[in-house]
Every structure is written in C-alpha cells, then in structure tokens.
Amino acid sequence: MFFFVSHFLWLHRNVFIENSDACADYAVMVNRGDAVGSDEWRGLPIEKQMAFRIPISIMIDLPRLRARHPVITVSEYLRLHGLDPEIESSRGHWERESYHARPNVFGSKTPSLFVIKNQWYHPSGSARVDYIPQEMKERGNWERYSPSQSQETGGYWPFVVPTNVSNRLANESDSSHILDWDAAKRVLLSSELEPEADLDDDKVVEDVLNANGWEVLYTFFSE
C-alpha cells in the first residue's frame, strides 16, 4: 500500500502570524480562490483571501516519513507515469481520468482504480476512528470476528444491558452515538452519581463514562 501526498500545502498567511516574515521571504503568496478554483473565500477582505503556497517537502519531513512508510508525492507519481506534474490538481482531488491516462515507466498497463464508496467505510450510525486502543477493547471485552466473517482485525463488543446513565447519554447523542464533552458532563451533573465524584476533574469524568460503557475520543473540529 502506498500513501500519496499532494505536492503543495495551502496556508492562510495568518495561520502562523509569528512566522509571516519567514513565509514572505521563502514562499509565494497567491489568492486562494484563484489557486484552487473555488469561490469559498471571495466574500472575505482581499488580505484574508491571500495565502502562502508551501511545498510539501518543507512542511513534512519526507525522508523520515519514507523511512517507515512507502510514500510518494503526487508530482512524483505523475512523473513516473510520463505525465506533466503541472496537471496536479490544486484542490487535492485525485483526477481519475488524467492521472490514469498512461502506464508507468516500468510497464505497459495503465493504473487500475477501485473506488471505495464513502458509505462502505463510514456507514450511518457509526463513528470512524483511526484505531481502537487495546485498553478500550479490554474494557468492553472485545471479541474478534471469525476469519470467515470479516478481515483479520475485525471484531465487536458483546451486548451489555445499558445503565441509566448510559441511556441518558444515548438520548442526548446524535445518530452515531457521539456526544460533545461538555454535553456529556451536563448529563453526568444531572445524574445521581456518588457525592464524591468530582466532575471538575476530567479524569473522573472519563472514568465515569467508561464505567457506563462510553469511551472518550479526541477529535479536531474546524469552524
């Protein structure tokens, strides 16, 4: 399996204000909308529409990454297939037709392409995570599927009767049974917990959630 990374990253010039002088010295400033063919930022003041175009080789230590994983940039992929690197999509999209137009320099077959549909790896009513920690599996008595049922790493948690707290959390959650941290704390504060439970302590909150069949995920949100 190979990882592809786009040749460029696009950063708004105010992302790292303290480094703006360095960006100005070494990077090209462009209009984000013009660069990626989008009107998303057109309504902003012109100074907020501008961004520095930073080569991926500067933002990521590619040699170190390649020491552990087989990684090539999209521009390298294009060169290996006799294609002009300039056709790389500035929006980061994988161009299914143009990128698969020629065989690579080592063979005669054009690259195949199998599209994984979103609902296959992110079905409704589920939360997608990068991996399930071992301690989470142990808490929930994780069981592996048999080889005939699924892939080697597939598994499930056996059903347990939910607690009153668990039901209250579920009632406040969305269709994927995900609840924001603050919302979960509000449910716990309104529940009949032991008086010594200090819900101002995040570790205590997490322990209470775990005891009621809930796990804490750390996520990033953009506004």
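Note that these values count all heavy atoms, side chains included, but never hydrogens, waters or copies made by symmetry.
- Contact between His100 and Glu95 at its shortest, heavy atoms only, is CD2-O, 4.2 Å.
- Here the side chain of Asp84 pairs no donor or acceptor atom with the backbone of Ile87 at under 3.5 angstrom.
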Would Thr163 and Arg168 satisfy side chain to side chain donor-acceptor pair (under 3.5 Å), going step by step from the backbone distance to the final call?
CA-CA 9 Å; Thr163 64; Arg168 296 189 64 182; over 6 Å; no
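- Taking 4.5 Å as the limit, every side-chain heavy atom of Lys48 sits out of range of all side-chain heavy atoms of Met50.
- Side-chain contact check for Pro111 versus Tyr77: some heavy-atom pair is nearer than 4.5 Å.
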Residue pair Val165, Leu209: steps toward the side-chain contact (heavy atoms from CB on, under 4.5 Å) verdict:
CA-CA 9 Å; Val165 171; Leu209 291 171; 6.0 Å; no
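- Contact check for Pro162 versus Trp214: no side-chain heavy atoms found under the 4.5 Å cut-off.
- Counting only distance, with no hydrogens or angles, the side chain of Asn141 and the backbone of Lys137 share no donor-acceptor pair below 3.5 Å.
- Without hydrogens or angle criteria, Ser90 side chain to Ala35 main chain gives a donor-acceptor distance under 3.5 Å.
- The main-chain N or O of Val74 is never found under 3.5 Å from a side-chain atom of Tyr99 such that the two would form a donor-acceptor pair.
- Between Trp142 and Trp157, the ring planes are perpendicular. Angles over 60° get that label, and only those under 30° would be called parallel.
- With hydrogens and angles ignored, the 3.5 Å screen pairs no side-chain donor or acceptor of Arg144 with any backbone N or O of Gly155.
- Under the 4.5 Å side-chain contact rule for hydrophobic residues, Val187 and Ile178 do not share a cluster.
- Looking only at side-chain heavy atoms (C-beta outward), Tyr156 and Glu143 come within less than 4.5 Å of each other.
- Ion pair Arg42/Asp39 flagged as a salt bridge, since at least one NZ, NE, NH1 or NH2 atom sits closer than 4.0 Å to an Asp/Glu carboxylate oxygen.
- Annotation: the span from Leu189 atom CG to Leu199 atom CG amounts to 5.0 Å, rounded to 0.5 Å.
- A distance of 11.0 Å separates CD1 of Ile72 from CZ of Arg79, quoted to the nearest 0.5 Å.
- Classification of Asp207 and Lys203 as a salt-bridged pair holds, one side-chain N sitting under 4.0 Å from a carboxylate O.
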Glu215 and Arg139: salt bridge (Lys or Arg N to Asp or Glu O under 4.0 Å), yes or no, with the steps?
CA-CA 10 Å; Glu215 296 290 344; Arg139 276 194 295 270; 2.5 Å; yes
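- Rounded to the nearest 0.5 Å, atoms CG (Leu80) and CZ (Arg102) are 13.5 Å apart.
- Considering every non-hydrogen atom in both Asp202 and Lys185, the closest pair reads OD1-NZ, 4.3 Å.
- Put simply, NE2 on His69 and CZ on Arg64 are 11.0 Å apart, with the number rounded to the nearest 0.5 Å.
- Once rounded to the nearest 0.5 Å, the distance linking OG1 of Thr73 with CG of Leu62 reads 7.5 Å.
- Residues Leu217 and Met136 approach most closely at CD2-CE, 4.5 Å, considering heavy atoms.
- Using a 4.5 Å heavy-atom threshold, the side chains of Glu88 and Leu83 count as separate.
- In this structure the side chain of Asp198 never reaches within 4.5 angstrom of the side chain of Val205, judged on heavy atoms.
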Trace of the side-chain contact (heavy atoms from CB on, under 4.5 Å) decision for Asp34 with Gln49:
CA-CA 9 Å; Asp34 294 341; Gln49 296 184 38; over 6 Å; no
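- Looking only at distances, no side-chain donor or acceptor of Asp180 sits under 3.5 Å from a matching main-chain atom of Ala183.
- Qualifying side-chain contact (heavy atoms from CB on, under 4.5 Å) partners for Glu138, counting only residues two or more places apart in sequence or in other chains: Gln134.
- Through direct or indirect side-chain contacts shorter than 4.5 Å among Ile, Leu, Val, Met, Phe, Trp and Tyr, Val161 is connected to Phe159.
- Taking 4.5 Å as the limit, some side-chain heavy atom of Val216 sits within range of a side-chain heavy atom of Trp181.
- The residues Arg32 and Glu47 are annotated as not salt-bridged, no charged nitrogen and carboxylate oxygen being separated by less than 4.0 angstrom.
- When hydrophobic clusters are built by joining Ile, Leu, Val, Met, Phe, Trp and Tyr residues whose side-chain heavy atoms come closer than 4.5 Å, directly or via intermediates, Leu44 is grouped together with Val36.
- Residues His81 and Pro103 are not in side-chain contact: their nearest non-hydrogen atoms beyond the backbone lie 4.5 Å or more apart.
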